[in-house]
Amino acid sequence: MERSLHEIRVFENYEIEKMEEGHVIVTTEVVEGSLNYYSNAHGGYLFTLCDQIAGLVSVSTGVEAVTLQSSINYLKAGHLGDSFSIEGTCVHNGRTTKVVEVHIINQNGDHVVQATFTMFVTGKRTEEMKFN
């Protein structure tokens with residue numbers, strides 16, 4: 001097998017399963033462009049999934065926000081074709097910061113990643129958010 005570096009692909013194929021105030025669930029599948037040199041889901045890919053969900057959770061609370069701090073635990077390898085459910089929940093809904101817990105779970109119910117993001121509020125959201 002030839003191993004080479006390539007761009008990391010994120011959110012080529014995703015579905016928003018749930019989006020309500022302070023809670024977001026998105027599903028996606030690991031594609032070849034999401035793999036690292038060892039044919040596992042790239043850590044940067046997994047982090048980016050979590051970071052995007054933390055941003056969506058912040059938006060769902062009516063604000064615009066950027067990542068101020070993050071912590072991530074890689075618990076299990078992801079593989080080509082795995083189906084991931086990425087769930088984000090706002091555990092602190094402050095005026096200037098939000099704290100969001102994010103979990104990636106595979107199709108077998110295994111926890112792949114657990115992450116915490118502190119989001120810094122940059123302003124109120126101007127576009128109205130529509131919840132299911």
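These values consider heavy atoms only, across backbone and side chains, with no hydrogens, waters or symmetry-generated copies. In this text, all values refer to a predicted model and were calculated from it rather than measured experimentally. Positions are given from 1 along the sequence.
For Gln107, the side-chain hydrogen bond (donor to acceptor under 3.5 Å, both in side chains) partners at least two apart in sequence or on another chain are Asp82. Shown here are the side-chain hydrogen bond (donor to acceptor under 3.5 Å, both in side chains) partners of Asn73, two or more places apart in sequence or in another chain: Gln114. In this view, Ser85 and Ile25, Thr27 satisfy the side chain to side chain contact (heavy atoms under 4.5 Å, CB included) rule, not counting sequence neighbours.
Residue pairs meeting the ring pair (Phe, Tyr, Trp, His ring centres under 6.0 Å) criterion with at least one partner in residues 69-88, sequence neighbours excluded, are absent. For residues 53-79, the pairs satisfying salt bridge (Lys or Arg N to Asp or Glu O under 4.0 Å) are Glu64-Arg125, with sequence neighbours left out. Every pair tested for salt bridge (Lys or Arg N to Asp or Glu O under 4.0 Å) that includes a residue from residues 112-123 fails, sequence neighbours excluded, so the list is empty. Within the structure, no pair that satisfies the salt bridge (Lys or Arg N to Asp or Glu O under 4.0 Å) test touches residues 94-118, not counting sequence neighbours. Residue pairs satisfying the ring pair (Phe, Tyr, Trp, His ring centres under 6.0 Å) criterion with at least one member in residues 47-66, sequence neighbours excluded, are listed as follows: Phe47-Phe117. Pairs of residues two or more places apart, or lying in two chains, never qualify as salt bridge (Lys or Arg N to Asp or Glu O under 4.0 Å) while including a residue from residues 43-58.
When every heavy atom of Ile104 is checked against every heavy atom of Cys50, the shortest pair comes out as CD1-SG, 3.8 Å. Ile72 and Ala115 get closest at one heavy-atom pair: CG1-CB, 3.9 Å. Taking each heavy atom of Ala65 and Thr122 in turn, the nearest pair found is N-OG1, 3.9 Å. Here the closest heavy-atom approach between residue Met19 and residue Ser60 is recorded as CE-CB, 4.4 Å.
Proximity of Leu49 to Tyr14: side-chain heavy atoms (C-beta onward) are nowhere separated by under 4.5 Å. In this structure, Ile86 and Val102 have side chains that are in contact, with non-hydrogen atoms separated by less than 4.5 Å.
Put simply, CD1 on Ile16 and NZ on Lys18 are 14.0 Å apart, with the number rounded to the nearest 0.5 Å. Atom CG of Leu75 is separated from atom CG of Asn106 by 11.0 Å, given to the nearest 0.5 angstrom. For the atom pair Thr61 OG1 and Met119 CE, the distance stands at 9.5 Å (nearest 0.5 Å). To the nearest 0.5 Å, atom CG of residue Leu56 and atom NE2 of residue His23 are 12.5 Å apart. Here CD of Glu17 is found 11.0 Å from CD of Glu87. Values are rounded to the nearest 0.5 Å. With values rounded to the nearest 0.5 angstrom, Tyr45 atom OH is found 9.0 Å from Leu35 atom CG.
The other residues sharing a hydrophobic cluster with Leu68 are Val66, Phe120, where clustering joins ILVMFWY side chains under 4.5 Å apart. When hydrophobic side chains of Ile, Leu, Val, Met, Phe, Trp and Tyr are connected at separations under 4.5 Å, Val91 ends up clustered with Val99. When hydrophobic side chains of Ile, Leu, Val, Met, Phe, Trp and Tyr are connected at separations under 4.5 Å, Val121 ends up clustered with Val63.
Val100 and Ile105 sit in two unconnected hydrophobic clusters of ILVMFWY residues. Membership requires side-chain heavy atoms under 4.5 Å apart, directly or through other members.
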Test side chain to side chain contact (heavy atoms under 4.5 Å, CB included) on Glu15 and Val26; report intermediate values, then the result.
CA-CA 6 Å; Glu15 292 286 328; Val26 171; over 6 Å; no

